[in-house]
Amino acid sequence: MSKGVTPKSEDYARWYTDVITKAEMADYGPVKGTMVIRPYGFSVWDSIKDAFDSRFKETGHVNAYFPLFIPKSFLSKEADHVEGFAKECAVVTHSRLKSAADGGVVVDPESKLEEEVIVRPTSETVIWSMYKKWINSYRDLPLLINQWANVVRWEMRTRLFLRTSEFLWQEGHTAHASEKEAVDETLKILDIYKEVAESVLAIPVLTGLKSEAERFAGAVDTYCIEAMMGDKRALQAGTSHYLGQNFAKAFDVKFQNENNREELVYATSWGVSTRLVGALIMVHGDDKGLRLPPQVAPNQVVIIPIIKTEEDLKTIEDYVIPFTTALKNSGIRFQIDSRLKMSPGFKFNEWEMKGVPIRVEVGPRDMENKTLFCARRDTGEKQPIALDDAPKKIETMLEEIQSNMFNQALQFREKNTFNINDYDAFKTQIASGGFIRCGWDGDPASEAQIKNDTKATIRCILADGKTKNLTCVYSGKPAKHEVIYAKAY
RNA sequence: CGAGGCGUAGCGCAGUUUGGUAGCGCACUGCGUUCGGGACGCAGGGGUCGGAGGUUCAAAUCCUCUCGCCUCGACCA
């Protein structure tokens, strides 16, 4: 293994996989397209998960678990839904293997299943088949269920965290008595997504509606949070769907309202996935490796003793006890890297690769001066701090790093977002990347033509878009929406 | 499925043209010296050269077949 990572500027895709493997976030699984999330990466995912989970619970949602296997027939109940997922489903056709003549194993043809089952690519269908049993009256509504699970989508092209055959996510599935309530729910979740992305992951996101072409298969409206990655491409970081009565119709889920009349249930579904870990890497990482926002960093502080012998280590450990005790009391996650065989320089580089927000060096010089030597991962700034103030300073610094990383990402996005209303200028700009904010006449044909010409798609129809005096960048007709166009992952 | 490329130690590669004891760097193990930005020395361990068949005194190297992977397209987002 070579020392550093491929520079971002040289080959962004290689930089990305280098960072992931060298920071020990993840590794390739034995089956093509699969990924092993290693402990360090999983710890980041755990933090992300906790941030969402607590907010879901605060807003009245409960967790449950639905089966991995779905009857094949379920997928055909909603026409758009099948269209969207049928081509990437893993199908279980047999239940047994048997020994083969060559010493290996083969599928036992006698174990062929009567009814084949699919491995869930998403759970709307199983969940709605159950909701049919559980919902009878308006008193059973709203039903606000979330599940944390794995799903399988048999993609041809995969990339660690961004698109893998199997991934982890949360999927919320709610049922409501009225359209308004369901739409409100859809937007409430969108808000949570934005809040967590920005305040926890330090990733600025745009929110808005998807165009029909980009909409979730089976949804009436798909809302999204959309982020700009370090190569100026867009990544859909989360989606919240208003499903209308589509799934209620498909699974015949009706309730009796207060007037004793039967009505179809209104639905939402929403999800974020381990893809967010990929976003975190691409938004914040640099040529030294990962940069993790303090809120999701497995270690917020790493302490590196500068030592010659095992006795030196003991002395330093004693010296930092007041400091580490204070960190512990304020709930700051830290680690003392006391490995004797590695040189300090090696450790500096390793922890920088792993994105630890603050490195604290402690050596003889510090003990003499009653200081600690402190280095920030986000800015590279280094300074000695007095041992007595250290815990407070560190706490403040972590907050600064968190907001600084958000601001850096925001500035990057702003700098690479362009208001354009001329199609030639559009094409030139798209070729060199970035987000383009422009008018759209609302015609799927103009969207399709732009995609064909440039590979750019509408990332979102801006919720706060202004269409006054705005014309469609393609047709020149009056714009129906203000949208963001970009090339996406 | 189309076009190109690659399979040799955990990883990255050389060796194949012209057949002759399977190598290098990193990683790993042990000992010693180092330690405030990727330390160094010495000594080690690890391979049926993707697989099968053939040619030959002799095959990583030549021939035939086969399997797998990667990149670009197609597909997907």
Side-chain angles (χ1 to χ4, degrees), chain A residues 1-6 11 13-14 17-18 21-22 24 27-34 83-89 102-104 121-122 151-159 161-165 167 169 210-211 213-217 222 224 226-227 229 233-239 271 273 275 278-279 287-289 302-313 316 337-354 359-369 371-375 377 380 382-384 451 455-460 486-489:
Chain A
M1 202 187 336
S2 64
K3 279 179 181 172
V5 294
T6 307
D11 183 341
R14 264 189 66 189
T17 47
D18 279 1
T21 51
K22 287 184 182 172
E24 299 182 330
D27 206 345
Y28 293 96
V31 173
K32 188 167 140 66
T34 61
E83 185 69 25
F85 289 104
K87 281 174 281 184
E88 50 189 46
C89 279
D102 67 357
T122 178
V151 287
V152 169
R153 295 180 189 177
W154 212 263
E155 306 277 3
M156 310 207 67
R157 270 289 168 79
T158 57
R159 292 191 81 186
F161 287 114
L162 299 183
R163 180 174 288 111
T164 45
S165 305
F167 56 92
W169 75 347
K210 282 289 182 194
S211 66
E214 300 284 322
R215 187 188 293 158
F216 174 73
T222 289
C224 62
E226 205 75 24
M229 303 296 104
R233 286 171 75 182
L235 183 80
Q236 179 175 302
T239 47
S273 71
R275 177 178 252 208
D287 285 348
K288 286 180 170 179
V302 63
I303 300 167
I304 299 179
I306 311 296
I307 44 172
K308 294 196 198 307
T309 65
E310 223 157 324
E311 291 87 76
D312 291 348
L313 177 61
I316 285 173
D337 186 351
S338 52
R339 292 174 296 176
L340 289 163
K341 298 271 171 166
M342 275 86 177
S343 71
F346 179 88
K347 291 176 183 176
F348 296 169
N349 284 288
E350 184 172 279
W351 290 112
E352 274 167 359
M353 181 65 71
K354 291 195 154 193
R359 177 179 76 238
V360 171
E361 303 167 31
V362 199
R365 209 159 67 201
D366 297 291
M367 288 197 282
E368 208 171 292
N369 302 332
T371 59
L372 298 170
F373 193 75
C374 185
R377 179 65 178 89
K382 295 172 202 171
Q383 51 169 323
K451 182 175 181 179
K455 289 195 168 172
T457 49
I458 294 177
R459 300 323 305 157
C460 68
K487 283 193 213 169
Y489 276 98

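Reminder, nothing fancy here: chain letters follow the sequence lines and each chain counts from 1.
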*If a protein heavy atom is under 4.0 Å from the base, mark B; if only from the sugar-phosphate, S; if neither, -; do that for nucleotides 70-77 of chain B going 5' to 3'.*
S-BBBBBB
*Taking atom types as they are modelled, is there a donor-acceptor pair under 3.5 Å from the base of B/rG37 to the side chain of A/E352?*
yes
_Euclidean distance for P, B/rU61 against B/rG54 (whole angstrom)_ = 14 Å
*Got a sec, which pairs hit salt bridge (Lys or Arg N to Asp or Glu O under 4.0 Å) with one end in residues 302-311 of chain A, sequence neighbours left out?*
none
*For every nucleotide of nucleotides 29-36 of chain B, 5' to 3': is a protein heavy atom under 4.0 Å from its base (B), only from its sugar-phosphate (S), or from neither (-)?*
------BB
*Can you measure from CZ (A/F373) to CG (A/D366) and round to the nearest 0.5 angstrom?*
8.0 Å
*B/rA3 and B/rA39, which share atom name P, separated by this distance in whole Å*: 49 Å
*Hey, does A/K382 reach any base, or is it just sugar-phosphate, or nothing, if we go heavy atoms under 4.0 Å?*
base
_Inter-nucleotide C1' distance (B/rC35, B/rU16), Å rounded_ = 45 Å
*Just how far, in rounded Å, is P of B/rA39 from CZ of A/R339?*
12 Å
*Should A/K382 and A/E361 count as an ion pair when the cut-off is N to O under 4.0 Å?*
no
_Is the terminal nitrogen or CZ of A/R233 (NZ for Lys, CZ for Arg) located under 6.0 angstrom from the six-membered ring centre of A/Y489 and within 45° of that ring's axis?_
yes
